[in-house]
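Take a look at the structure set out below.
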Amino acid sequence: MHGVYVPSSRLVNLELFRQINKMALKKNGFIPSSAPEELKKVLVAVASVWGDTIEDMEEFHVFPLKGAMTNEVFQINWPTNHGDLHQKVLVRVYGKGVEVFFNRDDEIRTFECMSELGQGPRLLGRFSDGRIEEFIHARTLSVADLRDPEISSLIAAKLREFNNLDMPGPKNVLLWERLRTWLSQAKRFCSPSTAKEFGLDGLEEEISILEKELTQGYQEIGFCHNDLQYGNIMMDEETRVITLIDYEYASYNPVAYDLANHFCEMAANYHSETPHILDYSIYPDLEERQRFISAYLASSGNEYSDAEVEQLLSDAEKYTLANHLFWGLWGIISGHVNKIDFNYLEYARQRFQQYWLTKPLLLSS
């Protein structure tokens with residue numbers, strides 16, 4: 001699939017795009033011919049690059065994709081002129097208010113760089129509040145896939161490759177700065193009662209404690225995904241090639257933190273009837289975590305020792321504390337700015353509960 005950048009003259013207003021999606025869904029997944037002209041131009045321009053002539057907007061089929069919690073994501077199909085059944089693209093509409101979490105220009109640069117490195121989908125077009133991406137012909141993993149030893153080893157190897165990427169820009173650890181920024185944002189959005197419930201006034205000290213306890217000179221710093229949940233991992237069923245997607249939160253951090261995040265995500269099922277509920281009884285046990293870290297280290301082709309596995313395992317467990325604060329603060333802020341149907345505050349509540357429950361077990365002081 002060949003990518004094309006749709007010029008800014010074809011930018012689409014977010015509200016118009018949302019209206020289109022509502023109309024499209026009411027019309028059994030078709031974009032009606034009454035759709036605003038600018039949206040038609042974006043889609044027709046992308047289709048024309050592949051030699052497809054679109055004469056009727058009802059040739060575009062729209063399918064909402066579930067599981068996204070920062071953006072709204074849609075698959076759009078249309079019949080091709082080449083004999084293939086359908087061409088596909090993915091349309092990502094940026095979530096309202098999520099600019100408090102990251103710089104969108106930086107995120108787009110990361111996305112473009114990942115595309116150039118062959119690590120992710122190609123950027124096909126952009127509009128003011130979203131973009132059109134290559135549709136990857138692979139399967140999005142399920143929560144159960146993370147527990148499959150073979151698939152887990154493939155994920156570990158891919159994460160190692162991702163962490164080793166040499167990305168442009170500063171290579172400083174962003175975790176602690178981001179936590180403090182999000183804490184300030186959470187305090188700004190919260191009512192006094194909510195701030196008291198989550199103990200926000202005392203979190204600055206908690207962040208400082210974690211930074212002091214967890215930062216060690218020997219730790220490897222790498223380019224981290226920071227959001228490696230199953231919905232951000234895709235696998236080609238034929239080649240077994242793993243692709244990591246969605247880089248909004250990616251930055252340089254200790255690689256132990258990226259491992260910690262992935263382990264924590266194994267307690268989540270975002271496609272259940274209660275997607276905000278976390279089940280820490282299924283958090284990966286010691287053997288499963290050791291196996292993942294061993295596969296992670298082995299994938300580089302270098303020799304590694306049991307002591308290295310145990311050290312990285314220990315560091316990752318401690319970094320789960322920072323991860324709970326990270327996504328806990330994210331949940332509080334999202335509950336005030338994001339309109340996606342997800343119980344963000346209850347999700348945040350569980351993350352903070354897990355932080356206070358495990359902190360005495362993981363920190364020596």
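Atoms considered below: every heavy atom in the structure, side chains included; atoms not considered: hydrogens, waters and symmetry mates. If you're wondering where the values come from, they're calculated on a predicted model, not measured in any experiment.
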Exercise for the section: Evaluate the criterion side chain to side chain donor-acceptor pair (under 3.5 Å) for residue pair Tyr319 and Gln219; output intermediate values, then yes/no. Expected result: CA-CA 12 Å; Tyr319 270 106; Gln219 290 175 346; 3.0 Å; yes
Practice task
Would you sort out whether Phe352 and Leu325 count as a side chain to side chain contact (heavy atoms under 4.5 Å, CB included), showing the intermediate values?
Solution key: CA-CA 7 Å; Phe352 279 105; Leu325 293 188; 3.6 Å; yes
Practice task
Verify side chain to side chain contact (heavy atoms under 4.5 Å, CB included) between Ser334 and Phe101, making sure each step is shown before the conclusion.
Solution key: CA-CA 9 Å; Ser334 295; Phe101 295 122; 3.2 Å; yes
Exercise for the section: In sequence, state the C-alpha distance, the side-chain angles, and the governing distance for Asp227 and Trp327, and then conclude on side chain to side chain contact (heavy atoms under 4.5 Å, CB included). Expected result: CA-CA 10 Å; Asp227 188 19; Trp327 292 113; 3.6 Å; yes
Exercise for the section: Go through Glu346 and Arg349 one step at a time and tell me if the salt bridge (charged side-chain N to carboxylate O under 4.0 Å, His left out) criterion holds. Expected result: CA-CA 5 Å; Glu346 179 55 33; Arg349 196 169 286 116; 2.7 Å; yes
Exercise for the section: Determine, step by step, whether Leu313 and Leu286 satisfy the side chain to side chain contact (heavy atoms under 4.5 Å, CB included) criterion, reporting the C-alpha distance in whole Å, the side-chain angles of both residues, the deciding distance to 0.1 Å, and the verdict. Expected result: CA-CA 9 Å; Leu313 177 68; Leu286 178 61; 3.2 Å; yes
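Side-chain contact check for Lys158 versus Ser299: every heavy-atom pair is 4.5 Å or farther apart. A heavy-atom distance below 4.5 Å is not found between the side chains of Gln185 and Ile332. Side chains of Gln216 and Leu214 form no contact here, defined as non-hydrogen atoms less than 4.5 Å apart. Side-chain contact between Leu159 and Val255 is absent, with no heavy atoms from C-beta onward closer than 4.5 Å. Looking at Asp246 and Arg92, their side chains come closer than 4.5 Å, going by heavy atoms from C-beta outward. Looking at Asn261 and Asn226, their side chains never come closer than 4.5 Å, going by heavy atoms from C-beta outward. Between Cys113 and Met167, some side-chain heavy-atom pair lies under the 4.5 Å cut-off. No side-chain heavy atom of Ser152 sits under 4.5 Å from any side-chain heavy atom of Arg291.
Separating the OG1 atom in Thr194 from the NE2 atom in His336 is a distance of 5.5 Å, to the nearest 0.5 Å. In this structure, CD on Glu150 lies 10.5 Å from CG on Asp145, to the nearest 0.5 angstrom. Note: His324 NE2 to Leu278 CG = 9.0 Å, rounded to the nearest 0.5 Å. Between Tyr218 atom OH and Gln311 atom CD the span is 3.5 Å, to the nearest 0.5 Å. Distance CZ/Phe198 to CG/Leu203: 10.5 Å, rounded to 0.5 Å. With values rounded to the nearest 0.5 angstrom, Leu297 atom CG is found 5.5 Å from Leu312 atom CG.
Checked by atom type, the side-chain pair Tyr230/His271 shows a donor-acceptor distance below 3.5 Å. In this model, a donor atom of one side chain and an acceptor atom of the other lie less than 3.5 Å apart for Asn323 and Tyr257. Using modelled atom types, one finds no donor on one side chain facing an acceptor on the other under 3.5 Å when comparing Glu288 with Tyr283.
Atom NZ of Lys196 is surrounded by 12 or fewer heavy atoms from other residues, nucleotides or ligands within 6.0 Å. More than 12 heavy atoms of other residues, nucleotides or ligands sit less than 6.0 Å from atom CD of Glu204. Counting heavy-atom neighbours within 6.0 Å of Asp341 CG, excluding the residue itself, gives a total of 12 or less. Counting non-hydrogen atoms of other residues, nucleotides and ligands closer than 6.0 Å to CD of Glu237 gives a total above 12.
In this structure, Gln119 contributes its side chain and Glu116 its backbone to no donor-acceptor pair below 3.5 Å. Side-chain atoms of Glu134 come within 3.5 Å of backbone atoms of Arg122 as a donor-acceptor pair (strictly under, hydrogens ignored). Checking side-chain atoms of Arg104 against main-chain N and O of Tyr94 turns up no donor-acceptor pair under 3.5 Å. For His262 (side chain) and Asp258 (main-chain N/O), no donor-acceptor pair under 3.5 Å exists by modelled atom type. With hydrogens and angles disregarded, no donor-acceptor distance shorter than 3.5 Å links the side chain of Tyr280 to the backbone of Gln350. Listed for the Asn253 side chain is a donor-acceptor partner under 3.5 Å among the backbone atoms of Leu175. Checking side-chain atoms of His225 against main-chain N and O of Ile245 turns up a donor-acceptor pair under 3.5 Å. The backbone N or O of Ile282 sits less than 3.5 Å from a side-chain atom of Arg147, completing a donor-acceptor pair. Judged purely by atom type and a 3.5 angstrom limit, Ser115 has no side-chain atom pairing as donor or acceptor with the backbone of Gly120. In this structure, Asn163 contributes its side chain and Arg160 its backbone to no donor-acceptor pair below 3.5 Å.
Leu183 and Ile207 make their closest contact through CD2-CD1, 4.1 Å (heavy atoms, listed as atom of the first residue, atom of the second, distance). In plain terms, the two heavy atoms of Ala260 and Ala316 that are nearest each other are CB-O, 3.1 Å. Closest heavy-atom contact between Leu259 and Phe292: CD2-CE2, 3.5 Å. Considering every non-hydrogen atom in both Asp236 and Ala138, the closest pair reads N-CB, 3.7 Å. Contact between Phe326 and Tyr249 at its shortest, heavy atoms only, is CZ-CD2, 4.5 Å. The minimum heavy-atom distance linking Ile221 with Lys171 is given by the pair CG2-O, 4.1 Å.
Cluster membership check: Leu154 does not share its hydrophobic cluster with Met234, using side-chain heavy-atom separations under 4.5 Å among Ile, Leu, Val, Met, Phe, Trp and Tyr. Phe263 is connected to Leu363 through a chain of hydrophobic side-chain contacts under 4.5 Å among Ile, Leu, Val, Met, Phe, Trp and Tyr, so both are in one cluster. Hydrophobic clustering of Ile, Leu, Val, Met, Phe, Trp and Tyr side chains at less than 4.5 Å, counting indirect connections, keeps Met266 apart from Ile277. Hydrophobic clustering (ILVMFWY, side-chain heavy atoms < 4.5 Å, transitive): Leu357 and Leu362 are in distinct clusters. Taken together through direct or relayed side-chain contacts under 4.5 Å among Ile, Leu, Val, Met, Phe, Trp and Tyr, Ile340 and Val100 form part of one hydrophobic cluster.
Note on Arg178 versus Glu248: no salt bridge recorded, every NZ/NE/NH1/NH2 to OD/OE distance being 4.0 Å or above. In summary, Glu213 and Lys359 do not engage in a salt bridge, as defined by a charged side-chain N under 4.0 Å from a carboxylate O.
Using a 30° and 60° split on the angle between ring planes, Tyr270 and Tyr347 fall in the tilted class, from 30° to 60°.
Applying the salt bridge (Lys or Arg N to Asp or Glu O under 4.0 Å) test to every pair with at least one member in residues 305-322, sequence neighbours left out, gives these pairs: Arg289-Glu317.
Exactly one residue among Val89, Leu90, Val73 makes a side chain to side chain contact (heavy atoms under 4.5 Å, CB included) with Glu133. That residue is Leu90.
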